[in-house]
Amino acid sequence: MVEMPVVEPGKCDGCGLCINVCSCGALVLVDGFIMVVATEGCGWCLQCEIVCPTGAITCPFEIVSEEIKM
Ligand code: SF4
Ligand code: SF4
């Protein structure tokens with residue numbers, strides 16, 4: 001499964017700023033809200049999160065910890 005940015009629809013005002021900065025075509029405006037389409041092209045550039053004025057879209061990182069054997 002491709003990890004993609006996450007949108008909180010209740011916070012999205014449909015301004016479209018995130019679409020303008022996205023280079024992979026994953027962000028689509030549907031009925032005034034952003035939908036995220038899974039694509040291998042998303043390089044986690046974080047630009048959608050940075051540009052969003054309402055904090056509606058985030059790129060949550062998964063932190064994986066591994067025990068180091070000495
Ligand atoms: S992280 Fe970058 S490439 Fe991925 S959806 Fe956001 S703007 Fe597009
Ligand atoms: S920048 Fe934020 S508020 Fe604007 S369309 Fe994208 S997710 Fe919605």
Side-chain angles (χ1 to χ4, degrees):
M1 193 177 106
V2 182
E3 294 291 334
M4 295 298 298
V6 176
V7 175
E8 273 188 65
K11 289 185 175 180
C12 177
D13 65 8
C15 69
L17 290 175
C18 55
I19 297 175
N20 293 339
V21 298
C22 180
S23 59
C24 76
L27 308 179
V28 183
L29 199 56
V30 180
D31 293 334
F33 300 102
I34 287 295
M35 301 282 292
V36 181
V37 180
T39 170
E40 298 284 348
C42 174
W44 287 84
C45 67
L46 306 184
Q47 289 304 307
C48 52
E49 179 177 317
I50 292 167
V51 79
C52 180
T54 66
I57 187 164
T58 53
C59 302
F61 287 97
E62 183 179 2
I63 298 174
V64 179
S65 63
E66 186 176 337
E67 186 179 341
I68 299 172
K69 295 189 174 79
M70 304 289 283

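When a ligand or atom number is given, it counts from 1 through the structure's own listing order.
- Among residues two or more places apart in sequence or in another chain, the side-chain contact (heavy atoms from CB on, under 4.5 Å) test is passed with Ala56 by Lys11, Cys12, Cys52, Thr54.
- When each atom of ligand 1 is checked for a heavy atom of Cys45 under 4.0 Å away, the hits are 1 (S), 2 (Fe), 3 (S), 7 (S).
- Interatomic distance, CD1 of Ile19 versus SG of Cys48, reported as 11.0 Å (0.5 Å rounding).
- Proximity of a side-chain donor or acceptor of Thr58 to a complementary backbone N or O of Pro60 within less than 3.5 Å is not detected.
- Close contacts of ligand 1 with Cys42, meaning ligand atoms under 4.0 Å from a residue heavy atom, involve 1 (S), 3 (S), 4 (Fe), 5 (S).
- Cys15 SG to Ile34 CD1: the interatomic distance, rounded to the nearest 0.5 Å, is 7.5 Å.
- Annotation: side-chain contact (heavy atoms from CB on, under 4.5 Å) contacts of Cys45 (sequence neighbours excluded): Gln47.
- At a cut-off of 2.8 Å, measuring from atom 2 (Fe) of ligand 2, the protein N, O or S atoms that fall short of it are Cys52 SG, waters left aside.
- Grouping Ile, Leu, Val, Met, Phe, Trp and Tyr residues whose side-chain heavy atoms lie under 4.5 Å apart, directly or via other members, places Met35 in a hydrophobic cluster with Val28, Val30, Val37.
- Atom numbering of ligand 1 starts at 1 in the shown order; those under 4.0 Å from a heavy atom of Cys24 are 3 (S), 8 (Fe).
- Taking CD of Glu3 as the start and SG of Cys42 as the end, the distance is 10.0 Å to the nearest 0.5 Å.
- Counting heavy atoms closer than 4.0 Å to ligand 1, residue Val36 contributes nothing at all.
- Once rounded to the nearest 0.5 Å, the distance linking SG of Cys18 with CD of Glu49 reads 11.5 Å.
- For the atom pair CG (Leu27) and CG (Asn20), the distance works out to 10.0 Å, reported to the nearest 0.5 Å.
- Here is the list of ligand 2 atoms found below 4.0 Å of a heavy atom in Gly16: 4 (Fe), 5 (S).
- Residue, atom and distance of the protein heavy atom nearest to atom 8 (Fe) of ligand 1 are Cys22 SG, 2.4 Å.
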